[in-house]
Amino acid sequence: MDTFALIVTVAVALFFTYTNGFHDSANAIATSVSTRALTPRAALAMAAVMNLAGAFLGSGVAKTVSEGLIETPKGSTGLGILFAALVGAIVWNLVTWYFGLPSSSSHALFGGLVGAALAGGTEVLWNGVVNKVIIPMFLSPVVGLIIGYIVMTAILWLFRKANPHKAKRGFRIAQTVSAAGMALGHGLQDAQKTMGVVVMALVISGHETYGDPIPVWVKVVCAAMLSLGTYAGGWRIMRTLGRKIIELDPPQGFAAETTGASIMFTTAYLFKAPISTTHVITSAIMGVGATKRVNAVRWGVAKNIVLGWFITMPAAALVAAAAFGIIKLTIL
């Protein structure tokens, strides 16, 4: 029974990774597609490959997720808590995807973990939640907004005398590189989050202990599912990021992607913080767009997106708590 519960939990974790891929594929390629630097299918294929590669670049974020947010629960109840947490995250991913809202799959997962842990009587490590999730949730969009504005301002100054048509053509080519960097950072961040959950499931079931290296098969399947989900594409959210916030041109797209990728690599390696790729790229797009003129950004759309960010964790937590209640009544 415990082996079956482990298999089901790992399978649901991989399905979450798949939804994360198609939900967040827009993060990596929406700007490149909207500026016509890449065709949609070419962009998705490139993002899928880079997501796969990014998943193997580190393990710090996975360690934070598996050890730093909740106490490791035990036995079948522990696997039930993980299962409920993943259900909460998946439901929120699907709801926000349906409405084309670029919410954070990462914070849906964190909210699910906290909600399921509270419902299951497992201790939440609030110090880790605050330092690794809540503070970055507030800081990363601000940093993305400011750095996006600075990077775009620098580009405008450096290329102020350049031929506009030649400059745009050059940046359209450069966007291939910046979009690849964004997708690589997405793989580095988001594949590791599911790795952390799978490692926790293996520890609960007695197949692993903390401190062991992440099994290669865990890295491979998590990376592969993220890549498959990415290639499936999240067209609804892509339209929101690529068109509804602001109409981007190639220099702006390059600036936004470069900003997003830089922040994701920095936080993954220096702070081992599992930040939201959605928050970073969306705020970078807003910062880049504001250099044109402040009202060039459709702040009404931006406000709805930001509101969605703030309700993601509690909404996923509530769904996860309800899912655990059902599991407890019917199975445990």
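All values reported here derive from a predicted model rather than from experimental measurement. These numbers come from the heavy atoms of this one structure, side chains and all, not from hydrogens, waters or symmetry mates.
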Value rounded to 0.5 Å, distance of [atom1] in [X] from [atom2] in [Y]:
X	Y	atom1	atom2	result
L113	L118	CG	CG	11.0 Å
W126	N131	CH2	CG	13.0 Å
I214	S59	CD1	OG	5.0 Å
T266	F271	OG1	CZ	7.5 Å
K74	T77	NZ	OG1	11.5 Å
L14	N20	CG	CG	12.0 Å

Should [X] and [Y] count as side-chain neighbours, where that means a heavy-atom distance under 4.5 Å?
X	Y	value
V61	L188	no
L94	Y98	no
F110	V65	yes
V221	T17	no
M137	S104	no
L145	Y149	no
M200	I70	yes
K132	N127	no

Single-linkage hydrophobic cluster [X]~[Y], side-chain heavy atoms < 4.5 angstrom:
X	Y	result
L270	V280	no
V319	W92	no
L226	M50	no
V203	V124	yes
V129	I311	no

To check you understand the geometry: which heavy-atom pair defines the closest contact between [X] and [Y], and what is its length?
X	Y	value
T122	E71	CG2-O, 3.0 Å
M46	A179	CE-CB, 3.6 Å
A223	F56	CB-CE1, 4.0 Å
L79	L6	CD1-N, 3.8 Å
L82	V197	CD1-O, 3.8 Å
V198	A13	CG2-CB, 4.0 Å

Tell me yes or no: between the side chains of [X] and [Y], is some donor less than 3.5 Å from an acceptor?
X	Y	result
D212	T209	yes
K272	T64	no
N93	S105	yes
T19	W97	no

Is the side chain of [X] donor-acceptor paired with the backbone N or O of [Y] at a distance under 3.5 Å, no angle test?
X	Y	answer
S283	P141	yes
T258	A255	no
T291	V288	yes
T39	A42	yes
Q189	A273	yes
Q252	I285	no
R172	R169	no

Measure the acute angle between the ring planes of Y18 and F15, then classify it against the limits of 30° and 60° as parallel, tilted or perpendicular.
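The rings of Y18 and F15 lie parallel, inter-plane angle below 30°.
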
Between L202 and V218, is a side chain to side chain contact (heavy atoms under 4.5 Å, CB included) present by the stated rule, with each step listed?
CA-CA 10 Å; L202 293 172; V218 173; 4.0 Å; yes

Chi angles and distances behind the side chain to side chain contact (heavy atoms under 4.5 Å, CB included) call for I155, F254
CA-CA 10 Å; I155 287 173; F254 173 81; 3.9 Å; yes

T259: which of V143, I146, I147 passes side chain to side chain contact (heavy atoms under 4.5 Å, CB included)
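Among V143, I146, I147, the one meeting side chain to side chain contact (heavy atoms under 4.5 Å, CB included) with T259 is I147.
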
Residue pair K168, D249: steps toward the side chain to side chain contact (heavy atoms under 4.5 Å, CB included) verdict
CA-CA 8 Å; K168 283 186 179 182; D249 60 23; 4.2 Å; yes

When you look at Y210 and V199, which way does the side chain to side chain contact (heavy atoms under 4.5 Å, CB included) test go after all the steps?
CA-CA 8 Å; Y210 287 133; V199 166; 4.2 Å; yes

Is the ring centre of F138 less than 6.0 Å from the ring centre of F310?
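F138 vs F310: aromatic centres under 6.0 Å.
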
May I ask you to check whether F159 and F171 place their ring centres under 6.0 Å from each other?
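Ring-ring flag for F171/F159: true, centres closer than 6.0 Å.
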
